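Keep in mind that this is a model prediction, so the values were computed, not measured.
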Amino acid sequence: MTSLGNPAVRLLAARSLRSHRKAWAAVFAAVAVTTALLGALALAAGSAGLGHARVERYAAAAVVVAGDQEVRWTTKPWGSEPTTVTAGLTERVRVPSAAVDVVRAVPGVRAAVPDHTFVVREQGADGSPDRRVYTGRSWEAARLAPYRLVDGREPRRADEVVTGAGAGAGPGAGARAGDTSGVRVGDVVAGRKVVGLADGPAALYVTAAEARKLAGHAGAADAVGVLARPGVPVDTLHARVRAALDRAGLEDTASGRPLRALTGDGRGGAEHLAAPPARMELLQLLAAVSGTLVLVAALVLASLVAQALQQRAAERELLLSVGAAPRQIRAAAGREVTRVAGLAALLGAVAAVPVFLGLWSALRGRTGVVPEGLELPVPPWLFAAVLVAAGVVVGITRLVALSATRKPGRPGKGGVRKVVGIVLLLLGTGSAGAAGLQGGEAAAAAAGAATVTLVAGCAVLGPWIAGAAMKVLDRPFRRLGGAPGRLTAAGAGTHSRRLGAALVPVVLVTSFALVQLSAGTTMERAADAQARAATTADLSLSGTTAERVRKLPGVDTATDVLRSTVVLARTEAGSPRLDRLPVLGVDAAGLAGTLDPGVVAGDLAGLARPGTVAVGAAMADSLDAKPGSTVELRLGDGVRKRLRVVAVYERSLALGEFLLPKAELAPHMSDPYPARVLAATERGSSASPVTPEQVTLPGAELNGIVSAAIVSAIGGLTLLSVLSTLTLIGAGRRGEHRLLGQVGASAGQLRRMLGLEAGFLTVTGLIVGAVVGALPLTAFAWSLTGGLPYLPPEQAALIAGTVVVTVVAGVFLPAWRQRA
């Protein structure tokens with residue numbers, strides 16, 4: 001048989017596949033589920049990669065001149081070339097008015113129209129919330145869409161407006177604040193006479209002079225829309241505009257970066273500022289989740305494939321004894337695995353499409369989850385990505401099969417395996433330690449890496465872990481379990497490798513579920529507690545200002561709360577990074593009785609002065625900042641500021657890492673209107689409970705929903721691996737159970753033996769999994785909250801109950817099938 005060649009390999013693979021179809025069923029299911037998940041992630045990543053901000057207001061403009069909505073930072077990491085990192089800006093970066101004249105002089109330009117946007121609020125009674133909020137623009141800028149009059153005329157005086165109809169709105173149709181579908185010519189809106197109605201979304205249009213006045217940014221515009229002369233190609237006009245801007249040396253009004261000339265889908269970024277940053281965050285999330293899925297899938301498939309091939313050990317030995325070459329057996333096993341994985345991957349690729357469409361439909365169906373204006377296209381050719389995902393999964397399966405069939409028939413040296421497992425455990429422990437020394441996303445990433453590395457170490461050391469656990473339980477099993485206990489102990493001692501293979505997926509599902517659930521609940525619990533402690537106000541209002549609230553009877557003090565973001569540039573392990581962080585702007589004089597950040601050093605009264613900032617304690621430690629020192633931040637529009645630290649506070653999980661004076665933050669916001677007003681009354685009581693003040697990152701809900709959906713799916717895969725592995729092992733023990741029955745073991749004794757095995761796997765898996773998960777979780781929780789991780793009892797019970805049910809089903813199902 002030494003010269004059988006490929007025909008023999010094909011014959012061996014075909015015969016083995018037909019003979020062991022049940023053994024390959026578990027591998028088939030795991031490959032199909034993995035491909036479906038990875039394919040759905042590939043489609044989601046492709047859609048996010050093609051995503052862009054929707055073009056609406058500038059649809060008729062060939063080119064849009066706008067500020068650069070990205071901040072860049074270049075630095076030189078340790079021992080490498082300079083690296084540039086970027087981060088999106090969420091506040092408007094404006095264009096100097098001089099750009100209008102420069103662009104108008106470009107050949108081929110029919111018109112250069114400055115766009116000044118502003119917010120119009122119809123105020124209620126003094127102190128009461130605003131009734132309606134409108135987006136305002138000049139009527140001149142309406143031609144950039146274009147929006148046209150459907151009734152009346154254009155505005156000619158400061159007190160005249162044209163209203164947009166509000167597409168899709170109307171009485172009984174769920175009209176939103178600001179919709180003007182019921183307005184007619186002659187009505188009064190926001191104190192101005194309506195002289196015309198236009199198509200398009202709900203908006204108020206005023207004269208160009210009034211728009212410049214209400215926008216409040218003298219010498220600047222939001223953007224400049226460029227209309228082309230007939231017959232001038234967009235590419236040609238873009239090149240001319242770009243050259244003219246470069247010659248003029250024009251820069252934006254915020255950080256002095258060159259102006260951008262946008263065409264195509266890029267024009268939407270000048271309209272919907274939150275869309276591009278949200279798209280990048282979504283891409284980063286999908287990449288991180290995909291990496292976790294690939295690692296989990298590799299562990300799951302390695303365990304299942306190894307177990308499926310291990311059941312053919314006697315068969316391989318027989319083939320070797322009659323002259324088959326090891327490479328022929330490896331080739332036959334590889335061919336067999338490829339056939340199974342290939343068919344399963346195709347099935348999973350088909351299933352990936354509805355999984356992806358369901359996720360995207362759920363996101364689009366929830367109002368406010370996807371940032372306004374973010375388009376996530378799904379062109380037909382994108383669905384080819386599922387085939388790439390299928391190829392990746394088949395490749396992973398083939399690799400683990402080659403590893404499992406290495407040197408068939410020759411037992412590997414346990415020493416090498418022990419060393420590898422110990423090294424992985426040490427690396428995982430070191431990564432957990434790194435999580436304890438870092439903060440924010442870095443701590444979360446280090447904790448995740450530690451979990452995967454520790455689980456991999458447990459997978460390599462599975463037989464020894466199972467053997468050590470069984471040594472602890474050997475005497476109780478033999479003394480208290482009777483004949484079934486002695487059978488269980490004897491079987492565990494003889495088949496520690498099999499027991500280890502059964503233990504690994506239980507450890508994986510326990511640790512994975514523990515980390516994913518506890519990390520979120522730990523952060524939420526700590527943030528909620530800090531928010532409750534920090535919010536001492538008696539009243540919380542929206543749609544008004546502190547100035548108006550202070551005039552209300554019984555109000556002692558009040559503070560505006562502005563919400564924006566800042567960008568912090570720093571290095572991490574020598575590599576540069578830009579973090580976009582949520583911040584609050586407050587009135588220092590109104591903090592007493594309304595907001596208590598928990599100051600540990602300095603005095604918040606210093607925020608009454610410009611150029612100051614209060615810093616969270618964890619961030620202050622990271623930046624080595626203290627009262628009197630300075631920190632450099634890039635505000636929401638990219639302006640770089642060096643701010644003097646006046647206080648350090650401890651409740652940063654609820655209030656963010658930085659508190660700025662309202663006067664410092666407001667000029668760098670697109671709409672510097674308070675998100676909330678917190679007020680303290682003279683009597684110190686409120687009519688209703690005040691919602692605790694807490695910051696949230698832009699796009700947090702979108703990332704949370706995507707993360708929860710994918711993590712749940714990965715959790716389902718790990719549960720499938722538990723059930724499949726145990727079922728596969730049980731199917732391979734049918735001969736053993738039959739022999740025990742023939743030598744006198746009763747059906748009840750076999751059931752009790754299986755019950756003891758299930759109990760051993762459950763208890764040992766939960767304990768080891770809890771230890772594996774608790775190590776990085778404790779470091780993560782300590783670094784972010786200064787306390788221990790928290791998991792609600794009902795969630796802990798859910799993890800334990802799910803593991804118990806899955807293990808019992810996996811252990812007893814093959815025995816029930818055998819009796820049937």
Residues Arg92, Asp637; criterion salt bridge (Lys or Arg N to Asp or Glu O under 4.0 Å); working and verdict = CA-CA 6 Å; Arg92 173 74 62 185; Asp637 60 355; over 6 Å; no
Candidate pair Val648 and Met619, rule side chain to side chain contact (heavy atoms under 4.5 Å, CB included), full reasoning | CA-CA 9 Å; Val648 176; Met619 181 61 69; over 6 Å; no
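- Contact check on Arg651 versus Asp596 returns a salt bridge, with a Lys/Arg side-chain nitrogen under 4.0 Å from an Asp/Glu carboxylate oxygen.
- The backbone N or O of Leu425 sits less than 3.5 Å from a side-chain atom of Thr429, completing a donor-acceptor pair.
- Judged by distance alone, the side chain of Thr292 and the main-chain N or O of Ala288 form a donor-acceptor pair under 3.5 Å.
- No side-chain donor-acceptor contact under 3.5 Å links Ser629 and Arg644.
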Applying salt bridge (Lys or Arg N to Asp or Glu O under 4.0 Å), run through Asp252 and Arg94 and close with a yes or a no.
-> CA-CA 6 Å; Asp252 64 50; Arg94 292 182 171 84; over 6 Å; no
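- Judged by distance alone, the side chain of Glu650 and the main-chain N or O of Val599 form no donor-acceptor pair under 3.5 Å.
- For residues 508-529, no pair satisfies salt bridge (Lys or Arg N to Asp or Glu O under 4.0 Å), with sequence neighbours left out.
- A 4.5 Å side-chain heavy-atom check between Leu562 and Met669 finds at least one atom pair inside the cut-off.
- Remark: side-chain polar atoms of Glu91 are paired, donor with acceptor, to backbone N or O of Ser670 under 3.5 angstrom.
- Asp538 and Thr681 form a side-chain donor-acceptor contact under 3.5 Å, judged by distance and modelled atom types alone.
- With 3.5 Å as the limit, one finds a donor-acceptor pair spanning the side chains of Arg642 and Thr630.
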Does the salt bridge (Lys or Arg N to Asp or Glu O under 4.0 Å) test come out yes or no for Asp560 and Arg548, once each step is laid out?
-> CA-CA 10 Å; Asp560 290 321; Arg548 291 158 61 187; over 6 Å; no
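- With hydrogens and angles disregarded, no donor-acceptor distance shorter than 3.5 Å links the side chain of Thr565 to the backbone of Pro582.
- With hydrogens and angles disregarded, no donor-acceptor distance shorter than 3.5 Å links the side chain of Tyr790 to the backbone of Ala526.
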Might you work through the salt bridge (Lys or Arg N to Asp or Glu O under 4.0 Å) test for Glu664 and Lys662, ending with a clear yes or no?
-> CA-CA 5 Å; Glu664 189 73 48; Lys662 169 190 170 183; over 6 Å; no
